[in-house]
Structures are given as structure tokens and as C-alpha cells.
Amino acid sequence: MNNNHFNIGQSTNNLNRVQILSEALPYIQKFAGSTIVIKYGGSIMTNNKLKESIVNDIILLSHVGIKPILIHGGGPEINSWLDKLNIKSKFKNGIRITDSNTIEIVEMVLAGKINKEIVSLINKQGSYAVGLTGKDGKLIQCENEEDIEIGFVGKIKHINTNIIKTIINAGYIPVIASIGADLDGKSYNINADTVAGEIAISINAEKLILLTNTAGILNDINNNDTLIRQLNIEDIKSLITERKISGGMIPKVNCCIRALAKGLPAAHIIDGRVFHALLLEIFTDQGIGSMLVNSSNQCINSKH
Ligand SMILES: Nc1ncnc2c1ncn2[C@@H]1O[C@H](COP(=O)(O)OP(=O)(O)O)[C@@H](O)[C@H]1O
Ligand SMILES: CC(=O)N[C@@H](CCC(=O)OP(=O)(O)O)C(=O)O
């Protein structure tokens with residue numbers, strides 16, 4: 001099986017799912033029963049057709065026995081609502097500087113708007129999704145990050161895996177917005193990649209897959225350079241030191257490093273702008289994006 005077969009790089013709009021399924025059988029068998037944490041980045045939420053396609057792929061994964069957990073972001077939509085309210089968006093190392101006005105908007109947009117839109121889309125397709133923030137069932141317990149400059153940004157202290165397992169075992173797809181709460185129930189903004197990484201660790205997921213708006217990790221974003229297909233923790237650290245990774249990619253690679261160090265078998269950063277990117281990454285040998293592993297002798301020849 002190789003990527004050309006699926007016309008990677010061209011529109012995969014008309015991709016025949018039945019064809020994929022028959023060829024993907026070994027992977028379906030391998031991953032059936034496994035949990036895969038998928039993070040849907042705000043950078044790819046504007047295209048409704050793409051949104052439906054991502055949701056359909058997640059439903060398909062659940063139909064073949066894989067247990068998907070969906071974590072979503074929504075950075076650009078938060079920016080646009082803050083803009084409407086004349087609040088300037090500010091970031092430090094890819095993390096939003098979140099003051100008391102900003103946290104209210106962040107929670108409204110992520111929990112009230114985006115989370116419910118995704119839940120409705122999944123439900124419309126005949127599956128059952130349950131939308132949560134970190135407040136529901138005390139799912140994400142956090143405290144204020146030490147860096148006071150970033151304001152109400154939460155540092156995750158504990159994930160209540162019981163609530164996630166209960167939802168999955170009852171046959172529902174959990175859809176999680178990246179809001180945490182402290183012991184007093186106060187809201188904190190948490191980067192959605194970070195939430196996805198911590199949930200993947202706590203639930204012993206098989207994979208963490210981050211869907212974003214680039215082909216994966218590029219060798220040098222400033223020079224529109226090539227996709228790095230496979231990296232280990234040391235490679236990623238070098239890219240950060242050389243400043244070849246910046247902005248929103250920093251929390252992504254950091255959460256992957258942490259998850260890999262804690263035993264996650266593999267993390268993937270893939271192009272969510274490609275139709276059926278999830279299926280292509282999970283069900284083909286080479287996949288389509290960057291695969292991050294713990295050490296260089298792991299998975300040299302295959303995506304899995
Ligand atoms: N080396 C790199 N490779 C790919 N993307 C990078 C790199 N360094 C920085 N980036 C930036 O990271 C962005 C993805 O992060 P972000 O905008 O937060 O997306 P999302 O909303 O999907 O989480 C890319 O659009 C790109 O501008
Ligand atoms: C603390 C922090 O930065 N929180 C993020 C939460 C949303 C997010 O992560 O969205 P993306 O996945 O689209 O980047 C924010 O406020 O933008």
C-alpha cells in the first residue's frame with residue numbers, strides 16, 4: 001500500500017471509502033479496541049465540507065472498533081470574537097495571554113459555540129457525541145500556570161479518566177473543549193494540543209493525532225521547506241533550538257514530546273486540510289504527515 005494509490009496531494013474528495021476499507025483491513029484489525037486521541041485545530045475549522053469530512057472519518061473509526069476521543073481548539077474563532085469586542089489577541093510562545101475578560105470569551109466560544117457545533121454534526125450523521133469541557137465531571141483539574149504574564153492559563157494537575165471511559169464504554173464519542181477548572185471551579189484556558197497530549201497520556205492511548213493547517217512539521221517554515229516524515233524527541237528539540245519550529249507548532253511538539261516520554265507509542269502531526277487525512281494516516285504504511293516517536297530505532301520503515 002502506498003500513498004500514490006490514494007492520490008495524495010490531489011483532492012481526495014471522491015475517495016472511495018469502501019476501497020480504503022478493504023485495503024486498510026490489517027490496520028483496522030491492529031487498532032480495533034485501541035483509543036486514538038484526535039485534536040482538531042481551529043486553523044482548519046473554516047471549511048464546512050472539511051469539517052463534515054473530519055467528523056465522518058471519526059465516525060468511521062468508531063464504526064470499525066477504534067475508540068476516538070476528539071479534542072478541539074478554536075484559536076482563530078476566539079480571535080475573531082475578541083476582535084469584535086475590541087480586545088487585542090496576544091500570545092507568548094503560541095499560548096494566549098488570557099486576562100479576566102478574555103477567559104470569558106474563550107469559554108463562550110470553545111464550550112458554547114464550537115463544542116456544540118461539532119457535537120451536532122456528529123449527531124446529525126447518526127452517531128452519538130457527548131460534548132464536555134474540563135469542568136464536566138471534573139474532567140480537567142488544573143491550577144494557574146506559574147508564568148503570571150499569561151494570566152488565566154491552566155496547568156493540568158489531573159485528568160478524570162473515569163468520565164471519559166464511561167462515555168466511551170457507553171458507545172458515545174467524547175468531544176472535549178480545552179477549558180479546565182481549579183478546585184474552586186474557576187475557569188482556565190488551556191491550549192488544546194496540551195489537553196490532547198495529557199488526555200492521551202492519562203488514557204494510555206495508542207496514538208495522538210494532531211490535525212492542523214500544514215503538511216506536518218516542515219524543516220523550515222520560514223523557507224516553505226520540506227515535510228519531515230519521521231522525527232524522534234532529539235530531532236524535535238534540535239528544531240526548536242534552531243528556531244525552525246515556532247508559534248502554534250511549539251505547544252504541539254511539546255505535548256508530543258511529553259506524551260512520547262510517558263510511553264505513548266506514536267504521535268502524528270498531519271494536514272487536516274486534506275480530505276480523509278485521518279484515514280490516510282492511520283490506514284496506510286507511509287501516512288501523510290509527520291510521525292513523532294520516542295527514539296530513532298523505532299518504526300523506521302513504517303508509519304506504525
Ligand atoms: N516547522 C514548522 N512546521 C510547520 N508549521 C509550523 C512550523 N513552525 C511554526 N509553524 C506554524 O504552526 C502553525 C500551526 O499551529 P496553529 O496555528 O496553532 O494551528 P492549530 O489551530 O491547528 O492548532 C502552522 O500554520 C505554522 O504557521
Ligand atoms: C492557552 C491557549 O492558548 N488556549 C487556546 C485554546 C484554543 C486552542 O488551542 O485552539 P487551536 O487549537 O486552534 O490553537 C487559545 O486561547 O487559543
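Just so it is clear, the model here is predicted, and its values are computed rather than measured. For ligands, and for the atoms within them, numbers begin at 1 and follow the listed sequence. This chain uses plain numbering: 1 for the first residue, then up along the sequence. In what follows, every heavy atom counts, from backbone to side chain, and hydrogens, waters and symmetry copies are set aside.
Scanning all heavy atoms of the two residues, the minimum distance from L61 to F283 falls at CD2-CZ, 3.7 Å. Of all non-hydrogen atoms in I173 and S62, the two that sit nearest each other are CD1-OG, 3.9 Å.
No donor-acceptor pair closer than 3.5 Å links the side chain of N160 to the backbone N or O of I140. No donor-acceptor pair under 3.5 Å is formed between the side chain of D57 and the backbone N or O of I54. Side-chain atoms of N115 come within 3.5 Å of backbone N or O of V175 as a donor-acceptor pair. Here the side chain of N56 pairs a donor or acceptor atom with the backbone of E52 at under 3.5 angstrom.
Taking every non-hydrogen atom of G42 and a distance limit under 4.0 Å, the qualifying atoms of ligand 2 come out as 11 (P), 12 (O), 13 (O). The ligand atoms of ligand 2 that sit less than 4.0 angstrom from a heavy atom of I190 are 1 (C), 4 (N), 6 (C). In the vicinity of K39, heavy-atom distances shorter than 4.0 Å reach the ligand 2 atoms 11 (P), 12 (O). When each atom of ligand 2 is checked for a heavy atom of I95 under 4.0 Å away, the hits are 1 (C), 3 (O). Close approach to G75 involves these atoms of ligand 2, each under 4.0 Å from a residue heavy atom: 10 (O), 11 (P), 13 (O), 17 (O). The contact set between ligand 2 and S178, taken as ligand atoms under 4.0 Å from a residue heavy atom, comprises 6 (C).
Proximity of M45 to ligand 2 is not established, as no heavy-atom distance is less than 4.0 Å.
Applying side chain to side chain contact (heavy atoms under 4.5 Å, CB included) to S290 and the options L218, T214, L227 leaves one that passes, L227.
The nearest heavy-atom contact from the protein to atom 8 (C) of ligand 2 is G73 CA, 3.7 Å. Nearest protein heavy-atom neighbour of atom 15 (C) of ligand 2: R96 NE, 3.3 Å. Ranking protein heavy atoms by distance to atom 9 (O) of ligand 2, first place goes to A192 N, 2.9 Å.
Polar contact check, G41 against ligand 2: no nitrogen or oxygen pair lies under 3.5 Å apart. For ligand 2, none of its N or O atoms has an N or O atom of I78 under 3.5 Å away. Between V153 and ligand 2, a contact under 3.5 Å exists for no N or O pair. Some N or O of N189 is nearer than 3.5 Å to an N or O of ligand 2, by distance alone.
Between Y172 and Y128, the angle of the ring planes goes over 60°, which puts this pair in the perpendicular group of the 30/60° scheme.
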Could you go through ligand 1 and note, for every N or O atom, any protein N or O atom closer than 3.5 angstrom, writing the atom names and distance to 0.1 Å, or 'none'?
residue: ligand 1; atom: 1 (N); partner: L218; partner atom: O; Å: 3.0
residue: ligand 1; atom: 1 (N); partner: K244; partner atom: O; Å: 2.8
residue: ligand 1; atom: 3 (N); partner: L218; partner atom: N; Å: 2.9
residue: ligand 1; atom: 8 (N); partner: S246; partner atom: N; Å: 3.1
residue: ligand 1; atom: 12 (O); partner: M249; partner atom: N; Å: 3.4
residue: ligand 1; atom: 19 (O); partner: T212; partner atom: OG1; Å: 3.2
residue: ligand 1; atom: 21 (O); partner: G42; partner atom: N; Å: 3.3
residue: ligand 1; atom: 21 (O); partner: S43; partner atom: N; Å: 3.0
residue: ligand 1; atom: 21 (O); partner: S43; partner atom: OG; Å: 3.4
residue: ligand 1; atom: 22 (O); partner: S43; partner atom: OG; Å: 2.7
residue: ligand 1; atom: 22 (O); partner: T212; partner atom: OG1; Å: 2.7
residue: ligand 1; atom: 23 (O); partner: K39; partner atom: NZ; Å: 2.9
residue: ligand 1; atom: 23 (O); partner: K252; partner atom: NZ; Å: 2.4
residue: ligand 1; atom: 25 (O); partner: N213; partner atom: OD1; Å: 2.6
residue: ligand 1; atom: 25 (O); partner: N213; partner atom: ND2; Å: 3.3

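A distance of 5.5 Å separates NZ in K207 from CE in M291, rounded to the nearest 0.5 Å.
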